[in-house]
There are 2 protein chains.
Amino acid sequence: MTSHDPGAKIISIPTLKAACQECSLNGICLSLGLGEADMKSLAGAIKSRRRLKKGEYVSRMGDPFRALYAISSGSTKTCEIAADGGVQITAFHLPGELLGLDAISAERYPSDIVALETTDLCELPFERLEALALEVPGLQHQLFRIMSREVLEEEKLLLMLGRMSAEERLAAFLLNFSKRHQQLGSSPTELRLPMSRQDLGDYLGLALETVSRLFSRFQEEGLIRVQGRQIKLHNLAKLREVTQHLPASPAARA
Amino acid sequence: MTSHDPGAKIISIPTLKAACQECSLNGICLSLGLGEADMKSLAGAIKSRRRLKKGEYVSRMGDPFRALYAISSGSTKTCEIAADGGVQITAFHLPGELLGLDAISAERYPSDIVALETTDLCELPFERLEALALEVPGLQHQLFRIMSREVLEEEKLLLMLGRMSAEERLAAFLLNFSKRHQQLGSSPTELRLPMSRQDLGDYLGLALETVSRLFSRFQEEGLIRVQGRQIKLHNLAKLREVTQHLPASPAARA
DNA sequence: CGGGATTTTGAGCAGTGTCAAAATAGGTGG
DNA sequence: CCACCTATTTTGACACTGCTCAAAATCCCG
């Protein structure tokens, strides 16, 4: 996570802010790892910005794919919907993250993307982005990395859904959310969850009642304090322990 | 899935075979959607081929990332391993598919990749591939599509693990495997599974005993015939029905 | 301040996991 | 080529996690 393309130069956050001000991403999003000149090209590729209110859609399943979206502020959920209406949320996205990567291959959105709160997006028309990636070597590499990272994140979720107990899943989620908040400059222990218990259940593969009971239990055990969607993490170390109490399973063989 | 980059030209399978013969991929792998000249460049990027026996590793978790691998023949499993030894298989890969996409971002392999049977691979050094993708527009687009597709596949698995019952998962797996076999030119109803019941359980998030019981049940119900790893699908339509008997869950809201 | 949505809590049950053991398959050496 | 040994698969009994249904409490928005 700290190594880089040989040619890519890392520039300071203030510089990034200046160059990326047009999309107010505060130097997060794609910009990381690109030079200043490259970022100006990138700014040229940004078509427009959109502000969505809570509950509005970034995309609906089946929509034609034309652009990726970078979250400037706010948050979203990505909902995969089964034939019969079963919902699986495959990701919650925070500022600086890229939406729509799963739509490139079929040129259609395979999922609904919904704003969890008031959310600002930068629209990055994909054709222009691809053309730019041919000019700017660092950008191509950056895009590969971002897509690879998305694969990785989903693999972590697969591990959670396939092999972890309910309490392990919620603990893992809280730690992950905490880390991402910290990387955005917020407190890692004072969380304001933008999603409902239902959403959390649809993400973790649990019933909303189970999620709610676990919050109560974690609170009784002194791990966290719960006030609706406001969560205070009292003991990160113990949460990490909870994460690892899987019942074990045999190792890889052919 | 049938639309393409405006500039990309689709060439015939025999032509592909000729151009790709060096890696015996029979025109599957990356080549799809690239012109003949582009494929020659691609051939130049192939460093070498490897033959693995059953149980040998393509990569181990933590290995430094240098190359992607295309499967020429055989099959692999990709195993995510939790801190305490819990295993989640995140993918089974068949000929023509690309391994290692999740290793690009951290420049390390996050998972073990193991051959399920004798398997031939083409090694594609990633730096060379990236350089080539800057020269060959179709290749960059192709790589984006392949990575996007990987994200999509994992999202389908997430839906299975998070929202489907055991029998729905196994039915969905059989249908998916059937479709991929068909795309490789094999029978969609006569399957030879290269993986153990244990592997299947580690993929579907089930105990191996549950997988075994389901095979028996499906057989009793006349859906399939089971002879160890040799599976005959008798009724694809009914398998599809089984797939969709989820107990439903509320739709998306903010 | 009122009303719908969300969250919490309870009780009972079903689907899967766990443990255990028998049956079968597959590979190896004599 | 057969016999043996091991790994894999099947089957059974039972326990437990997490789901379902239900209702009360709380929150949030207009």
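Given the structure is predicted, the values throughout are model-derived calculations rather than measurements. Letters A, B, ... mirror the listed sequences (proteins, then strands); counts begin at 1.
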Side chain to side chain contact (heavy atoms under 4.5 Å, CB included) between A:Leu191 and A:His181: does it pass, once the steps are laid out? CA-CA 8 Å; A:Leu191 308 179; A:His181 259 240; 4.0 Å; yes

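- As a whole-Å value, the separation of A:Gln219 CD from C:dT9 C1' is 14 Å.
- When each of A:Lys77, A:Arg192, A:Lys53, A:Lys54 is paired with A:Glu117, the salt bridge (charged side-chain N to carboxylate O under 4.0 Å, His left out) condition holds for A:Arg192 and for no other.
- OP1 or OP2 of C:dT9 sits under 4.0 Å from a side-chain N or O of A:Ser216.
- In this structure, B:Gln198 atom CD and D:dA7 atom P are separated by 14 Å, rounded to whole Å.
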Test side chain to side chain contact (heavy atoms under 4.5 Å, CB included) applied to B:Leu158 and A:Glu154, step by step: CA-CA 8 Å; B:Leu158 282 172; A:Glu154 289 190 349; 4.3 Å; yes

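- In this entry the distance linking CG of A:Leu193 with C1' of D:dC27 reads 15 Å, nearest Å.
- The residue B:Gly205 sits close only to the backbone: its heavy atoms come under 4.0 Å of sugar-phosphate atoms, none of a base.
- When the side chain to side chain contact (heavy atoms under 4.5 Å, CB included) test is applied to A:Ser212, no partner is found at least two apart in sequence or on another chain.
- Residue B:Phe215 is the one, among B:Phe215 and A:Val211, whose nearest nucleotide of DNA chain D lies closer to the 5' end (criterion: closest heavy atom).
- Using a cutoff of 4.0 Å between basic side-chain nitrogens and carboxylate oxygens, A:Glu153 and A:Lys156 are scored as salt-bridged.
- A salt bridge links A:Glu167 to A:Arg217: one of the charged nitrogens lies within less than 4.0 Å of a carboxylate oxygen.
- To the nearest 0.5 Å, atoms CG (A:Leu99) and OG (A:Ser59) are separated by 8.0 Å.
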Distances under 3.5 Å between nitrogen or oxygen atoms of protein and nucleotides 25-28 of chain C:
none

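- One finds no side-chain N or O of A:Ser212 lying less than 4.0 angstrom from the OP1 or OP2 phosphate oxygen of C:dT6.
- In terms of phosphate contacts, A:Ser196 brings no side-chain nitrogen or oxygen within less than 4.0 Å of OP1 or OP2 of C:dT6.
- Rounded to 10°, the helix from C:dC1-D:dG30 to C:dG30-D:dC1 has 60° between the axis fitted to its first five pairs and the one fitted to its last five.
- Looking at B:Arg180 and B:Glu97, a side-chain N of the basic residue comes within less than 4.0 Å of a carboxylate O on the acidic one, giving a salt bridge.
- When the P atom of D:dT26 is taken as reference, atom CD of A:Gln230 falls 19 Å away, rounded to whole Å.
- Atom P of nucleotide C:dG15 and atom CD of B:Glu168 are separated by 11 Å, given to the nearest angstrom.
- Between B:Arg60 and B:Asp112 there is no salt bridge, since none of the side-chain N atoms of the basic residue sits less than 4.0 Å from a carboxylate O of the acidic one.
- Looking at A:Asp102 and B:Ser148, their side chains never bring a donor and an acceptor atom within 3.5 Å of each other.
- Whole-Å rounding puts the B:Phe218 CZ to D:dT10 C1' distance at 16 Å.
- In this structure, CG of A:Leu200 is placed 11 Å from P of C:dT8, rounded to the nearest angstrom.
- In this model, no side-chain donor or acceptor of A:Glu209 finds a partner on the base of D:dC19 within 3.5 Å.
- Listed candidates were D:dT11, C:dT8, D:dT10. Nearest to the side chain of B:Arg213 is D:dT11.
- Rounded to an integer number of Å, the gap from CG of A:Leu208 to P of D:dC21 is 13 Å.
- Closest contact between the side chain of A:Leu206 and the listed nucleotides D:dG18, D:dC21, C:dT16 involves D:dG18.
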